Amino acid sequence: MKADGKTEAEVKAVLKTFAESYAKRDLDALMGCFAPDSDVLLYGTGADEKRVGTTEIEIQAKRDWEQTETASMVFQSMSVSAAGPVAWVAADGTFDLRAERQDMHIAVRITFVLEKRGSAWLIVHAHFSTPAASQAGGHSF
């Protein structure tokens with residue numbers, strides 16, 4: 001169900017804060033976007049990037065920042081749906097980064113699930129993936 005305008009604006013504001021704090025390497029602001037739950041989950045694009053709980057998500061953010069000179073997320077499109085205190089988001093975007101003296105622009109697909117707690121929307125699930133570059137257009141595998 002498409003989110004109403006108020007919910008969509010609130011959820012997009014959280015994701016804007018998420019992207020800005022990631023680019024600024026502001027760990028406190030970044031973690032403020034996540035629910036402080038032991039089962040909050042983040043899947044990254046790497047095979048070992050399944051992070052459960054805030055401590056592991058912090059470890060992932062620090063690792064990302066240690067391995068890059070700059071790193072930012074740009075959302076090109078975003079769809080926000082909601083039912084009651086739960087919202088889910090599907091976004092297309094890019095990771096723009098500089099690592100090992102090389103600029104990279106990586107296409108990403110991202111899904112988020114957020115839960116409204118009090119007056120705040122918090123991320124309870126995030127999943128980042130990259131389109132399969134080796135898969136030819138028009139083919140399923």
Side-chain angles (χ1 to χ4, degrees), residues 1-137 139-141:
M1 165 186 308
K2 179 83 173 130
D4 61 57
K6 180 177 185 288
T7 298
E8 182 175 4
E10 291 173 350
V11 167
K12 284 184 173 182
V14 171
L15 299 180
K16 180 180 179 192
T17 298
F18 172 80
E20 288 174 350
S21 59
Y22 184 84
K24 292 177 185 174
R25 300 171 187 242
D26 182 341
L27 187 61
D28 290 336
L30 182 75
M31 295 311 298
C33 297
F34 287 91
D37 302 345
S38 61
D39 63 344
V40 63
L41 177 69
L42 181 142
Y43 278 117
T45 59
D48 68 337
E49 294 179 350
K50 178 182 178 182
R51 304 298 185 181
V52 181
T54 55
T55 299
E56 288 192 13
I57 292 171
E58 286 182 16
I59 289 168
Q60 183 63 51
K62 289 176 183 176
R63 183 174 96 172
D64 288 359
W65 296 334
E66 288 169 0
Q67 294 179 11
T68 58
E69 297 164 43
T70 62
S72 62
M73 282 175 249
V74 178
F75 299 117
Q76 273 97 31
S77 67
M78 186 179 294
S79 170
V80 181
S81 300
V86 177
W88 52 99
V89 178
D92 293 303
T94 59
F95 267 113
D96 297 324
L97 59 101
R98 182 164 182 83
E100 300 178 1
R101 295 180 292 232
Q102 185 177 15
D103 292 325
M104 293 180 249
H105 307 284
I106 303 168
V108 290
R109 296 173 177 161
I110 312 163
T111 57
F112 295 98
V113 177
L114 297 90
E115 183 179 351
K116 190 164 192 179
R117 297 191 183 171
S119 62
W121 286 96
L122 299 171
I123 299 167
V124 295
H125 177 96
H127 188 149
F128 296 80
S129 64
T130 57
S134 63
Q135 183 175 318
H139 292 269
S140 297
F141 305 97

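Everything quoted here is computed from the prediction, not taken from an experiment. Only this structure's heavy atoms are used, side chains among them; waters, hydrogens and symmetry mates stay out.
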Could I get the full list of side chain to side chain donor-acceptor pair (under 3.5 Å) partners for K116, not counting sequence neighbours?
E10
With distance as the sole test, does Q67 use its side chain to make a donor-acceptor pair with the main-chain N or O of A99 at under 3.5 Å?
no
Could you tell me whether the side chain of S129 reaches within less than 4.5 Å of the side chain of R109, counting heavy atoms only?
yes
Just checking K6: does its NZ atom have more than 12 heavy atoms from other residues, nucleotides or ligands closer to it than 6.0 angstrom?
no
Within-4.5 Å side-chain heavy-atom neighbours: I110 and H127
no
Atom NZ of K24 and atom OG1 of T17: how far apart are they, to the nearest 0.5 Å?
9.0 Å
Partner set under side chain to side chain donor-acceptor pair (under 3.5 Å) for T68, not counting sequence neighbours:
R25
In Å and rounded to the nearest 0.5 Å, what is the CG to CD distance from L122 to E115?
8.0 Å
Would you say Q135's side chain and H139's backbone share a donor-acceptor pair under 3.5 angstrom?
yes
Name all residues meeting the side chain to side chain donor-acceptor pair (under 3.5 Å) criterion together with T7; count only those two or more places apart in sequence or in a different chain, and write none if there are none.
D4
Taking side chain to side chain donor-acceptor pair (under 3.5 Å) as the definition, give me every residue that meets it alongside D48, ordered by chain and number, with sequence neighbours left out.
R63
In residues 34-43, what donor-acceptor pairs under 3.5 Å come from side-chain atoms, sequence neighbours left out?
from: D37; atom 1: OD1; to: R117; atom 2: NH1; distance (Å): 3.0
from: D37; atom 1: OD2; to: R117; atom 2: NH1; distance (Å): 3.2
from: D37; atom 1: OD2; to: R117; atom 2: NH2; distance (Å): 2.5

Distance col, row S21:OG vs D26:CG, nearest 0.5 angstrom, shows 6.0 Å
Show me the donor-acceptor pairs within less than 3.5 Å that the side chains of residues 82-95 make with the rest of the protein, sequence neighbours left out.
from: D92; atom 1: OD2; to: S77; atom 2: OG; distance (Å): 3.2
from: T94; atom 1: OG1; to: D96; atom 2: OD1; distance (Å): 3.3

With the side chain counted from C-beta on, respond yes when K50 and E56 share a heavy-atom pair under 4.5 Å apart, and no when they do not.
no
Between I123 and L15, is any pair of side-chain heavy atoms under 4.5 Å apart?
yes
Are any of the side-chain nitrogens in E58 or R51 under 4.0 Å away from the carboxylate oxygens of its partner?
no
Nearest-0.5 Å distance, NZ of residue K16 to SG of residue C33
12.5 Å
What class does the angle between the rings of W65 and Y22 fall in, given that below 30° is parallel, 30 to 60° is tilted and above 60° is perpendicular?
tilted
What is the distance from atom CD of E69 to atom CZ of R101, rounded to the nearest 0.5 Å?
8.0 Å
Apply side-chain contact (heavy atoms from CB on, under 4.5 Å) to residues L114 and V124 and explain how you reach the verdict.
CA-CA 5 Å; L114 297 90; V124 295; 5.9 Å; no
Validation row: M78, F112 side chains within 4.5 angstrom (heavy atoms)
no
Under a 3.5 Å distance rule, please check whether E49 uses its side chain to pair with a backbone N or O of G46 as donor and acceptor.
yes
